[in-house]
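What follows is one structure encoded as structure tokens, with my remarks underneath.
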Number of protein chains: 2
Amino acid sequence: MLKPASSTGKRELILNAAAKVFSRHGFHRARMEDVAAEAGVGKGTIYEYFESKDSLFKELVREGLNFYSRAKLAETGKDSLGEKLRRLFLVHLKFSIDYRDLSKVALSDYATGSEDIRRWVSSMRQEKVARLKEMLDQAKERGETGRDLDTGVAAVLIWGALGSLWYQVTWEEPPPDIDGMVDQSVQMVMRGLENG
Amino acid sequence: MLKPASSTGKRELILNAAAKVFSRHGFHRARMEDVAAEAGVGKGTIYEYFESKDSLFKELVREGLNFYSRAKLAETGKDSLGEKLRRLFLVHLKFSIDYRDLSKVALSDYATGSEDIRRWVSSMRQEKVARLKEMLDQAKERGETGRDLDTGVAAVLIWGALGSLWYQVTWEEPPPDIDGMVDQSVQMVMRGLENG
DNA sequence: ATTTTAAAACCGACCAGTCAGTCATTTTTT
DNA sequence: AAAAAATGACTGACTGGTCGGTTTTAAAAT
């Protein structure tokens, strides 16, 4: 049986260490021993808190996702589409700065790991795109976009654009002015969605 | 010493097998033995044609890249930006359909493999984005885009959008109408680039 | 044409390194 | 003192790469 999440701070400790170690070389090259060393615990201890390496990875990513979901869209449905997109972009990029290690893990290990993880990550992407499409559909309904917009394609494009920005911010040099970049980006995206 | 590329069709044979096997489970889970089996050769034979697993992967991706580079932009500098983008998108997506296995490899193993591969792939991305930025800069010069466009950000966004489309086409159900989708996408992108 | 011969191509059993996960033992807590 | 937590040496499974030996090919000799 696994210990409850609150037994000590040890669970958090391990999770943080995992973020650091996974982000260094990716899932495969990260050894459980290294995670243990980074956390300052014995290797065996990790298995008191996590089923397996796979499970540790999943918990790690889920934790991060939860975190920034919480900070995320209070989903005030009355905001304009532009405002919603701005917040979406901002939350993701802020996250990537505040939790750089975790962000690297989430981004770079997409294709890594077991078949199980692969499917899991892929389904998350699908869900994200689907949610984005919903948002666009609503906006379209309200006439905030072009009448003939293909929201499916648009959602894929926007998600990709955000992902690319995210990647850039996470891996390349620290960006100077996130807010400005986001404003600029959203402006571009919004123009793209409008009627020709 | 490695054998010349032309000694038999065996090199091609192995490369094709590698595309298939790598695309199935990603770089790490693909075993050289499986590649050998798929190609119908002994494991040792692979090492007559390729230095190592890493090198096999690189050659594979390079081969694919070469191929579609060739088919690519005859770079007729006088085409409109829209036309250039349309061709860029089309070439990538057509490639992903014709060489689905190879496409999966190129896409999903971005973060995978050795440190060496990781860096190599990352540098390719940088280069692609840089080239895209150049294209945008030229167009901006000619007044085809908004005067105040941040071409750096735009290049990142567009590359991401294309990548996302590429991913969708490669992994999800076979798309119905590539040309239509591309037209739609490029239209959106072009609107986004114009002056507000 | 046939045989000889040597080099080139091919092969897969094996080796050596790796690492996730276990568990008997030790340390800490209650 | 006994229960809980922590540990790290160990094991078992796995796989990239090697290498001595076999087969194929092609050229040379008869």
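Residue numbering restarts at 1 for every chain, and letters A, B, ... go by the order of the sequence lines.
Considering only side-chain atoms of Glu48(B), the nucleotide from dG21(C), dC10(C), dG17(D) that sits closest is dC10(C).
Around NZ of Lys20(B), the count of heavy atoms belonging to other residues, nucleotides or ligands within 6.0 Å does not exceed 12. Atom NZ of Lys140(B) has more than 12 neighbouring heavy atoms from other residues, nucleotides or ligands inside a 6.0 Å radius.
Between Tyr49(A) and dA6(D) there is a side-chain N or O to OP1 or OP2 distance below 4.0 Å. The phosphate of dC19(C) has neither OP1 nor OP2 within less than 4.0 Å of any side-chain N or O from Lys53(A). Between Thr45(B) and dA9(C), a side-chain N or O to OP1/OP2 separation shorter than 4.0 Å is absent. OP1 or OP2 of dC10(C) lies within a sub-4.0 Å distance of a side-chain N or O belonging to Lys10(B). Listed pair Tyr47(B) / dC11(C) fails the phosphate criterion, with no side-chain N or O lying under 4.0 Å from OP1 or OP2.
Within the nucleic acid shown, Ala37(A) has no heavy atom closer than 4.0 Å to any nucleic acid atom. Residue Lys43(A) is in base contact, counting any heavy-atom pair closer than 4.0 Å across all strands shown.
Rounded to whole Å, atom P of dA20(C) lies 9 Å from atom CG of Asp34(A). One can place CZ of Arg31(A) at 15 Å from C1' of dG21(C), the figure rounded to the nearest angstrom. In this structure, Arg29(B) places its CZ atom 14 Å from C1' of dA13(D), rounding to the nearest Å. In this entry the distance linking CE of Met32(A) with C1' of dT22(C) reads 13 Å, nearest Å. We find that CD1 of Ile14(A) is positioned 10 Å from C1' of dA6(D), with the value rounded to whole Å.
Figure legend: cation-pi geometry between Lys53(B) and Phe27(B), with NZ or CZ positioned under 6.0 Å from the six-membered ring centre and within 45° of its axis.
Taking the six-membered ring for Trp and thresholds of 30 and 60 degrees, His28(A) and His28(B) have nearly parallel ring planes, at less than 30 degrees apart.
Counting heavy atoms from C-beta outward, Tyr167(A) and Ser122(B) have side chains that approach closer than 4.5 Å.
Both Glu33(A) and Ile46(A) lie close to DNA chain D; mapped to their nearest nucleotides by heavy-atom distance, the more 5′-ward contact belongs to Ile46(A).
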